[in-house]
Amino acid sequence: MTSPSQPDSNLPLDMIIFGGMGDLAMRKLLPALYMAHLHGNLPPATRIISTGRQEFDRNAYLNFVEEHSRSFISGGNFTDDAWRSFLQLLEFVRLDVQQDELAALAKVSRPGAERVFYLATAPSLFTTICDKLAQAGLVDSNARVVLEKPLGRDLASAVEINEAVGKHFAESQIYRIDHYLGKETVQNLMVLRFGNSILEPLWRAPNISSVQITVAEEVGVGSRAGFYDSAGAMRDMVQNHLLQLLCIVAMEPPASLSPDAVRDEKLKVLRSLRPFTLAGIARDTVRGRYIRGVSGNQEVPGYLEEKNVPADSSTETFVALRTYVDTWRWSKVPFYLRTGKRMARRSSKIVVEFANPPFPLFPETPGGVANRLVIELQPEEAVKLQVMAKQPGSGMKMQQVALNLDLQSAFSERRAEAYERLLIDVVRGRLTHFMRRDELEAAWQWVEPIINGWGTLAEKPYPYAAGTWGPSESFALLARDGFGWVE
Ligand code: BG6
């Protein structure tokens, strides 16, 4: 294993993408690198070396990129000149990492260049790739490796990957990507919490009565059933994206923004999540699966009718659960998490519900929640504080109104996509928004018993019609505690 050094922006950079012809490379990575190039955020002597199994030469690869990637760059950002100069950065190396040694890659990658290896392949190839990179002499103290999710399918496989990669790369050279950590609003959540002093005294039990985190998708499983059916919503979304959001909501203020200070605090949250018992799984988790319904004004098939989904699949496309962070700050505050495909619309938000005033002074308006902080992550980025105001007129009737911070109109600056921001972080050697090994393993440690418990309970996921907010059992989960999902 090498001993890492800080990236040197004067060195040439070779960004090497394994899985360079895959969906992720075409839809996200190359468009993000194009944007970074357009805005001058790549070192001057950058090359992007894609690898793939196809019998392609460089020109054939460029045509492939033209056909499959260009359309993922939004219109306003596309210029012919920038695109042409971006294509000049691209190289292609034909490689079958399972069969071939990496000599061909070693020939193309420049000696003395800083190397970033982006592993956008199935995780089952990570070990082989890292071993072969080391054998080919491509891993030095300047090298960095980016690992795409899913990082394992349980704790043991995550440990195995971490061990294998850790043989050749120090922890500070490893960038485990969770693209939710690159989203502007997710990063803004840290500023909201720790850059303002008005929230901190309130940010705890008993002032907060519950927290909801929803990541709802309108899309179905699409063409990804091959992967998705072996993962399900728990592994695909909860283990990573939702738990990372929960960590940022629940963490203690870090001592600094250094990667370890931030990640230490997130790790403490993951380790404080209340472990599930089998009875708890039956009571506090809901699995769902979409059936035929209407989404975006179109009739869409149910999950079992999607291409490549086995007829006897028991995979969930929806999860809702209640959990607790067992610390002083969060004692007895329920955290409700919910995610699903083919839900009513794309909507990701965090809702922090504050306790009602201790005494109801305005009997004309009984009930209801007085204050909520709603942090909308997508599709719109907004922060809303719901407060009570007096309804104009006689009497003292109250009504909820929202103090509304629309982040899109508050700032004129361009808002980069998550992948662009994270790739620039990798290039600059900034690890704060990437997962550390112990975080990843702690997340699996909490998630795995839930998945195993579902296996033991052997219940089928509850059906919900595509285009709805999930099975009714998910509403019952909150109603039981006197809460409701905020749509
Ligand atoms: C990915 C999941 O990590 O996140 C996908 O594998 C999901 O299934 C996607 O669709 C959602 O990301 P976003 O940024 O569109 O919310």
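Start at 1 and go down the list; that is how both ligands and their atoms are numbered. The basis for the numbers below is simple: all heavy atoms, side chains too, and nothing from hydrogens, waters or symmetry mates.
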Charged N-O contact under 4.0 Å between Glu487 and Arg338: yes
> So do the side chains of Pro275 and Pro449 get within less than 4.5 Å of each other, counting heavy atoms only?
Replying inline: no
field: Nitrogen or oxygen of Gln378 less than 3.5 angstrom from that of ligand 1
entry: yes
In ligand 1, the atoms that come under 4.0 Å of a heavy atom of Lys183 are 13 (P), 14 (O), 16 (O)
Lys341 heavy atoms within 4.0 Å reach ligand 1 at atoms 5 (C), 7 (C), 8 (O), 10 (O)
Can you find a non-hydrogen atom of Tyr180 under 4.0 Å from ligand 1? yes
The atoms of ligand 1 lying under 4.0 Å from a heavy atom of Lys149, numbered in the order shown, are 1 (C), 2 (C), 3 (O), 6 (O)
Ion pair check, Glu305 and Arg292, cut-off under 4.0 Å
yes
If we number the atoms of ligand 1 from 1 as shown, the ones under 4.0 Å from a heavy atom of Glu217 are 7 (C), 10 (O), 11 (C)
Strictly below 4.0 Å, N to O, side chains only: are Arg437 and Glu441 in salt-bridge contact? yes
query: Considering only heavy atoms from C-beta outward, does the side chain of Gln445 approach that of Arg271 to under 4.5 Å?
result: no
In ligand 1, the atoms that come under 4.0 Å of a heavy atom of His179 are 1 (C), 3 (O), 4 (O), 12 (O), 13 (P), 14 (O)
for atom 6 (O) of ligand 1, nearest protein heavy atom and its distance come out as Asp236 OD1, 2.6 Å
With under 30° as parallel and over 60° as perpendicular, where do the rings of Tyr61 and Phe92 fit, or are they tilted in between? parallel
Atoms of ligand 1 under 4.0 Å from any heavy atom of His241, numbered from 1 in the order shown, are 1 (C), 3 (O), 4 (O)
Check: Is the closest basic N to carboxylate O distance between Lys341 and Glu217 below 4.0 Å?
Finding: yes
The protein heavy atom nearest to atom 15 (O) of ligand 1 is Arg346 NH2, 3.4 Å
